[in-house]
Amino acid sequence: MLGFFITLVLLVGFYMVRKPEERSWLMPVALIAFLLKAFIMPFYFQWLIYIGEGGFAYVDAGRVHRQSIQMGEEIVYETARLTPGWAAVDPGFYQLTAYTYLIFGPNTLIIRFILIMCISMSLLYTYRITRMYFDEPTARLAAGLHAFMPAPILLSLNHRKDPVVQLIVMFAFYHAMRVFRQDQGWQKSAFMVIVGLFAVYPFRSGLVLPFIGMMVICFVLANRNALQGIALTLITILSLVVLQLSVAEDSRINLDTYASRATGKLADSAEFSDTGGLTRLLRVTGPLDIYKVPFAAVAYLFLPFPPNIDGYPVTILSSFLHLVAMFLLPHMLIGAWSLIRAPDWRLKLPLIVFPAVFLLVLGAVHVGLLRYREIFYPVCMIWIAIGWRAGTPAALRLIVYVGLLILTIPIYLARFGFL
């Protein structure tokens, strides 16, 4: 109860210092979303216990919980820090959980209150980013979708770091857009981008360089012709490689470290390609599979579809909740197309490039790991809001829905071993 009230007070304080426009509408939405998840969470936790998962939907979540308890004991008793969480590839969430447990005791629900608080805070940046280019109703719709989409709600209830990463990334992306637009005070926003990248590094170091690359691509495409853009992109890639070569060998952005991680992910992808449905055909298992990346990126956007009807209960539940996103897919497509076709498309480039870059990267190395989608999914909510407000033709909705139904047939055949 103490953890709940502290996170609730922090959330209220976060919004109380905002602009009247944001405080009057967005704060109640954020509070309702937080309270809704806080109400569902204990029941979800007990359901996970009932199905035999001990309260943790995924193996890595339970590992973080147990190792964080051990890390807290090592801090209290000042013993050697031997718990693997200290030396994890991205140790930030282990440390956040460990220090939270030092304050409140080893209660997993408290860290989950912090996580759903982070999601409610990130609504602010979804709203602000949309408001940069569109009217208030569109911004409200985008923030509302971000707050109440069913599948992301379920994901936020787990003991995993994705809500923290999403908050930091949306914070950095908002300020990166202010720098891109050269808004008043952009120098301060440039500093905030650096702060955001440093903050996300302990939690998910692998997205720092793609984020920087996304920013550079936006600046290049907005200000140069195609030939110059290609040349500057190559220069950017070479500069990032030089950066990776110049940092310390034990750094997580060192080129050798990155290469070994990429090799490991491709090896895992090759192993997983022997199992599963049609997704196995899209897995990139080596350099010769590079042609699969665009297809994997598209699939990553709407997986899991069709819903799983057997297997792990949490997967079944999340895939059925994801059907709401499938219903909104035509609006998302219209929203993305509206951005591309807009007369001022160069000014809106980050809204296009940011999801595209991470879709390509994640499609290449993580096509089956759908929780990483939360990194950029709030921007997809902006696409949906734009498409909804612009109006989605009935013909497009019919084509998308019929196409998805037709696609269901071979996917189910593949899942049950008939294809």
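In this chain, numbering begins with 1 at the start of the sequence shown.
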Okay, side chain of [X], backbone of [Y]: is any donor-acceptor separation there less than 3.5 Å?
X    : Y    : value
R178 : K188 : no
S120 : M117 : no
T315 : G311 : no
Y125 : V169 : no
K348 : L339 : no
T138 : F134 : no
Y133 : L347 : yes
R397 : P330 : no
Y300 : R373 : yes
T130 : A139 : no

Could you tell me whether the side chain of [Y] reaches within less than 4.5 Å of the side chain of [X], counting heavy atoms only?
X    : Y    : value
I129 : M170 : yes
F376 : V357 : no
D135 : R389 : yes
V59  : R63  : yes
F4   : I110 : no
V193 : M215 : yes
L157 : F43  : no
M177 : L351 : yes

Would you give the length of the straight line joining atom [atom1] of [X] to atom [atom2] of [Y], rounded to the nearest 0.5 angstrom?
X    : Y    : atom1 : atom2 : answer
L349 : D344 : CG    : CG    : 10.0 Å
I116 : I111 : CD1   : CD1   : 11.5 Å
S156 : M149 : OG    : CE    : 13.0 Å
F302 : L329 : CZ    : CG    : 8.0 Å
F5   : M1   : CZ    : CE    : 4.0 Å

Is it the case that more than 12 heavy atoms not belonging to [X] sit under 6.0 Å from its [atom1] atom?
X    : atom1 : answer
F295 : CZ    : no
F148 : CZ    : yes
Q184 : CD    : no
F198 : CZ    : no
W25  : CH2   : yes

Have a look at H159 and tell me which of Y94, F113, Y58, F93 forms a ring pair (Phe, Tyr, Trp, His ring centres under 6.0 Å) with it. F93
Is D60 salt-bridged to R371, cutoff N-O under 4.0 Å? yes
Pair D90 + R204, salt bridge at N-O below 4.0 Å: no
Is it true that [Y] and [X] share a donor-acceptor pair across their side chains at a distance under 3.5 Å?
X    : Y    : value
Q166 : S122 : yes
N107 : Y101 : no
H65  : T108 : no

Stacked cation flag [X] on [Y], 6.0 angstrom / 45 deg:
X    : Y   : value
R112 : F56 : yes
R18  : F14 : yes
R81  : W86 : yes

Could you check E21 against E136 for side chain to side chain contact (heavy atoms under 4.5 Å, CB included), going step by step and ending with a plain yes or no? CA-CA 9 Å; E21 174 187 326; E136 187 175 330; 3.9 Å; yes
For the residue pair F173 and F354, is the inter-centroid distance of their aromatic rings smaller than 6.0 Å? yes
Residue that, paired with L124, satisfies side chain to side chain contact (heavy atoms under 4.5 Å, CB included) out of Y174, Y15, F171: Y15
For L154 and Y44, run side chain to side chain contact (heavy atoms under 4.5 Å, CB included): C-alpha distance rounded to whole Å, both residues' side-chain angles, the deciding distance at 0.1 Å, then the answer. CA-CA 9 Å; L154 179 68; Y44 175 64; 3.4 Å; yes
Under the side chain to side chain contact (heavy atoms under 4.5 Å, CB included) criterion, do I119 and F34 qualify, and how do the steps go? CA-CA 8 Å; I119 291 289; F34 174 82; over 6 Å; no
Tell me, with the steps shown, if L301 and M332 meet side chain to side chain contact (heavy atoms under 4.5 Å, CB included). CA-CA 11 Å; L301 187 61; M332 184 187 299; 4.0 Å; yes
Scan R66, E74, E73 and name whichever one has a side-chain hydrogen bond (donor to acceptor under 3.5 Å, both in side chains) with T83. E74
